[in-house]
Amino acid sequence: MTIIHEESDGRLAVAAAEAGAAVVRELYGRRLRRYEKSAGDFATEADLAAERAVLEVLRAARPGDAVTAEESGRTGIAGARRRWLVDPLCGTLNYAARTMLACVNVALRVGSDVTAAATADPFAGEVFWTDGTRAWVRRDGQDTELTPAAGSALVDVNLDPPFPNAPGFRAARLLTDPGFAERFRPRVVSSTLAVAWVAAGRRAAYVTDGHLGDSVHFAAGIALCRAAGCTVTGLYGEPLHTGAGGLVAAADAATHAALLKLVRDQASSGGDDHASAGVGDEASPEADSLPSPEADSRPQPLS
């Protein structure tokens with residue numbers, strides 16, 4: 001797809017995500033150099049090459065926009081109104097283990113709102129995208145509007161650290177709750193591709209701990225869910241990016257209410273005030289192997 005300066009931000013997000021996905025697909029299965037970042041977290045040559053491909057598309061079309069990218073960090077004016085959030089390979093651990101569960105995330109924040117976003121699945125040949133008001137999946141050049149559905153009862157839970165709300169909430173405990181087992185079936189994809197699947201009706205919901213403001217991992221998926229009409233809040237039902245943070249994105253209000261009850265019950269039984277639990281619990285500092293963006297852009301490793 002050729003991008004001109006007048007092209008919509010939504011279509012630009014698609015083009016950039018597709019460029020990154022092409023690199024991820026091309027390098028899949030090869031012996032790739034790894035770059036250590038923090039304990040248990042690393043990037044590969046594919047992460048870096050895919051990020052370069054995404055940034056080339058964005059900078060050619062929007063040279064004045066700021067960018068936060070997972071591997072190369074923040075560029076552009078610090079307080080820029082327009083900022084692209086780029087996760088070039090979400091699911092690096094899966095990818096390095098030759099497991100085809102990964103995605104490329106590209107989102108544009110204008111002011112405080114994400115107004116365009118795309119999540120590309122390099123292996124299924126699909127791009128989930130939004131212009132901020134509606135959401136679609138693109139296959140073979142054709143767009144189909146996304147329709148959330150809870151019928152599968154599949155709930156993806158993010159088990160990757162950090163866990164700022166522990167011990168009041170631990171995602172792993174949710175999976176052993178009898179109330180969860182009665183209504184839902186757990187899945188752990190370890191890629192934010194699963195957030196896009198909520199918008200597409202392939203998951204009933206997605207639950208994660210963490211502070212997700214300006215997250216390169218989650219911004220695109222959250223925008224997709226909102227545009228598709230999902231119910232989206234913080235971990236305890238607060239407006240997103242307030243209070244304790246976290247995310248409960250559900251296909252419908254009933255599913256969302258059921259999950260919130262389970263989360264709140266866990267916090268109550270834990271005996272800790274969820275609003276104060278885990279305050280100051282930070283992830284391990286990044287190694288010097290790669291330049292790293294500010295901490296708020298990567299609340300969850302998901303590698």
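Because the structure is predicted, anything quoted here is derived from the model rather than measured. Position 1 is the first residue of the sequence, and the numbers go up from there.
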| task | Would you indicate whether the side-chain heavy atoms of W197 and L146 approach each other to under 4.5 Å? | result |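 The answer is no, as the side chains (C-beta and beyond) never meet within the 4.5 Å cut-off.
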| Looking at E126 and R202, does any basic side-chain N land under 4.0 Å from a carboxylate oxygen? |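 So E126 pairs with R202 through a salt bridge.
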Would you say [Y] and [X] are linked by a side-chain donor-acceptor pair, where the criterion is simply a distance under 3.5 Å?
| X | Y | answer |
| --- | --- | --- |
| W129 | D143 | yes |
| T133 | D131 | yes |
| E51 | S72 | yes |
| T115 | R109 | no |
| D265 | S268 | no |
| N105 | T192 | yes |
| N158 | T208 | yes |

| message | Give me the atom names and distance for the closest heavy-atom approach of A220 to A117. | response |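 So the two residues come closest at CA-CB, 3.7 Å.
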| Looking at F169 versus F163, is the centre-to-centre ring distance below 6.0 Å? |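 No - the distance between ring centres of F169 and F163 does not fall below the 6.0 Å cut-off.
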| said: If we check salt bridge (Lys or Arg N to Asp or Glu O under 4.0 Å) with D156, which of these qualifies: R185, R203, R187? | reply: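 Looking at R185, R203, R187, the match for D156 under the salt bridge (Lys or Arg N to Asp or Glu O under 4.0 Å) is R203.
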| request: Report the distance from atom CG of L247 to atom CG of D209, rounding to the nearest 0.5 Å. | output: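 Here the rounded value is 10.5 Å.
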